[in-house]
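Down below is the structure, laid out as C-alpha cells.
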Amino acid sequence: MKIVTNFIPPTESTPFNPAKAIEIPAGGTGHIMMNGMGGESFGVRKVLPYAADMNKVFVSARLNEDLYLFRDLQLSVVHQLFRRIDGLLAPFIIQKSNSLVFELTNTHNAAQTVNIQLVGYDHYSLTKLINIYSEIGSPMPQPRFLYGQATLAAGAVNIDMGVKTKSIDVEARRVAMSSDRPGDITASLKVYNTTIRNEVYLEQINDEFGQFYANVPFIIGSNMPFQVYASNKGPSQANVSFLCEAYVVQQSEPNPLEV
C-alpha cells in the first residue's frame, strides 16, 4: 500500500471544516446529516465528536446512503480513535450529492447536546490528492473500519465482542477502545487463533495507538476470524466498544511504501 505522507492542499482550498449539533433527550434518538461542503465531494480524515458524556451516546455512521462505516458504538470510541492523530492515512469520500449520516442514541438520564465536526479535504484538495496517486501509479488507499460492542456483566471473562471481518483482505493500522467503567476492562486480540495482543487493560490499548500507528501492521484476511475478547474485572456492569482503522490490501502492491 502506497501512502502519500507529504500532501499539501492547493492554495484555493478552504480551511473550513463542517460541524453540526443536535440536542437528544434522555433515552431519545436523533441524527446528524452532513454532505461535506456546498454539496461537493469531501474527503473525511477525522471525525471529531463531543458530548457531555460520550460513553452514554451510541452512534452509527452511514456513508453515501447505503454503506455503514460502523454501527452501535459508544461515541467515546470514535473520539478516542481520531483525537490524537493527524487523521486517516487516506480519506473516505462523501460523494457529491450524497451524505454522511450519524444515527445517535442517548442512553443517559439527561438530555445531551452532541456536536460532530468533520476534518478533511474539500473537492480542490481531493482532486489534487487523487491526481498524485494517479501519477505514482497507485490507487488511493481505501479505509475500512472493524468494530464491536459488548455489555459485560460484573466479573465477565473473555466475552467475544462480535467483531465482523470484511469480504476482502484488510491491513489493520490503529485500534481504539472505550468503556463506561475505566480501569475495569481488559482485552485480548486474536487473528485466526493467533494472539496478537495478550490480555491488557483497555487503557494500554489506547496508550499504544493513541498517537501512533501499529509498530507492525497486521493483515486480516477476507472472512478470517478476528476475535476481540473483553473481560470486566469490576463490580458493576460495563459497556465496551472497539474500533479499528484498517485499509484494503492492494494485491498488486504487497509491500508498504511511503512516498
Side-chain angles (χ1 to χ4, degrees), residues 4-5 7-25 28-106 111-133 140-145 147 173-174 176 178 211 241 243 245-247:
V4 174
T5 59
F7 176 67
I8 299 176
T11 55
E12 61 266 36
S13 296
T14 174
F16 174 74
N17 291 283
K20 287 186 178 181
I22 184 175
E23 182 173 320
I24 307 176
T29 61
H31 73 274
I32 291 175
M33 179 181 293
M34 307 181 79
N35 63 350
M37 298 168 57
E40 297 289 344
S41 297
F42 188 77
V44 180
R45 292 196 68 210
K46 301 183 79 168
V47 178
L48 296 177
Y50 183 77
D53 190 343
M54 288 186 281
N55 287 320
K56 299 293 186 181
V57 177
F58 287 78
V59 60
S60 300
R62 179 163 46 87
L63 177 65
N64 298 334
E65 299 183 357
D66 58 358
L67 173 66
Y68 274 95
L69 300 177
F70 48 80
R71 303 185 76 161
D72 301 324
L73 301 179
Q74 290 168 304
L75 196 62
S76 50
V77 79
V78 180
H79 181 244
Q80 179 64 41
L81 186 73
F82 287 103
R83 64 178 178 151
R84 292 182 180 173
I85 205 77
D86 288 341
L88 299 173
L89 295 176
F92 63 85
I93 300 174
I94 305 175
Q95 301 291 352
K96 184 176 180 178
S97 301
N98 278 323
S99 58
L100 176 60
V101 179
F102 296 97
E103 301 166 352
L104 303 159
T105 300
N106 179 19
Q112 292 202 77
T113 296
V114 178
N115 191 303
I116 296 179
Q117 179 187 15
L118 303 182
V119 177
Y121 300 136
D122 66 4
H123 61 284
Y124 295 111
S125 297
L126 199 54
T127 298
K128 179 180 178 180
L129 182 62
I130 291 171
N131 288 339
I132 290 174
Y133 275 103
M140 191 162 67
Q142 301 176 52
R144 294 290 186 272
F145 297 97
Y147 57 91
R173 288 291 186 126
R174 291 183 68 242
S178 67
Q211 301 181 61
S241 291
L243 185 58
E245 174 190 338
Y247 294 85

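Please read all numbers here as calculations on a predicted model, not as lab measurements. Below, each value reflects all heavy atoms present in this structure, side chains not excepted, and no hydrogens, waters or symmetry copies.
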message = Checking the side chain of K46 only, and the main-chain atoms of I85 only, is there a donor and an acceptor separated by less than 3.5 Å?
response = yes
message = Donor-acceptor check, side chain of S99 to backbone of N35, threshold 3.5 angstrom: yes or no?
response = no
Once rounded to the nearest 0.5 Å, what's the spacing between atom [atom1] of [X] and atom [atom2] of [Y]?
X	Y	atom1	atom2	result
S60	L104	OG	CG	8.5 Å
Y50	Q112	OH	CD	9.0 Å
L88	Q142	CG	CD	13.0 Å
T14	H123	OG1	NE2	10.0 Å
L48	L81	CG	CG	10.5 Å

Partner residues of [X] under the side chain to side chain contact (heavy atoms under 4.5 Å, CB included) criterion, sequence neighbours left out:
X	answer
P25	none
R84	Q211
A61	L69, F70, L100, F102

message = Holding to salt bridge (charged side-chain N to carboxylate O under 4.0 Å, His left out), I want the full list of residues that pass it with R174, two or more places apart in sequence or in another chain.
response = E245
key: Partners passing salt bridge (charged side-chain N to carboxylate O under 4.0 Å, His left out) against R62 (at least two apart in sequence or in another chain)   = E103
task = May I ask you to check whether over 12 heavy atoms, not counting those of D86, lie within 6.0 Å of atom CG?
result = no
ask   = Would one find more than 12 heavy atoms of other residues, nucleotides or ligands at under 6.0 Å from atom OH of Y124?
value = no
Can you confirm whether [X] sits close enough to [Y] that some side-chain heavy atom of one is under 4.5 Å from a side-chain heavy atom of the other?
X	Y	answer
D122	E12	no
L75	P49	yes
L63	V44	no

Partners meeting side-chain hydrogen bond (donor to acceptor under 3.5 Å, both in side chains) with [X] (sequence neighbours left out):
X	answer
R83	Q80
N98	none
T105	none

Locate the shortest heavy-atom distance separating [X] from [Y]; write the atom from each residue and the value.
X	Y	result
A90	P143	O-CG, 3.6 Å
G43	L126	N-CD2, 3.9 Å
L129	P91	CD2-CD, 3.9 Å
I116	M34	O-CE, 3.8 Å

Non-neighbouring partners of F7 that pass ring pair (Phe, Tyr, Trp, His ring centres under 6.0 Å), sequence neighbours left out = Y121
note = Contacts of F82 meeting ring pair (Phe, Tyr, Trp, His ring centres under 6.0 Å) (sequence neighbours excluded), chain-then-number -> none
task = Just do the side chain to side chain contact (heavy atoms under 4.5 Å, CB included) check on Y247 and R144 with the steps written out, would you?
result = CA-CA 5 Å; Y247 294 85; R144 294 290 186 272; over 6 Å; no
task = Determine, step by step, whether N64 and I94 satisfy the side chain to side chain contact (heavy atoms under 4.5 Å, CB included) criterion, reporting the C-alpha distance in whole Å, the side-chain angles of both residues, the deciding distance to 0.1 Å, and the verdict.
result = CA-CA 6 Å; N64 298 334; I94 305 175; 4.0 Å; yes
Under 3.5 Å, which donor-acceptor pairs link side chains of residues 16-23 to any protein atom two or more places apart or in another chain?
from: N17; atom 1: OD1; to: G120; atom 2: N; distance (Å): 2.9
from: N17; atom 1: ND2; to: P15; atom 2: O; distance (Å): 3.2
from: K20; atom 1: NZ; to: M33; atom 2: O; distance (Å): 2.6

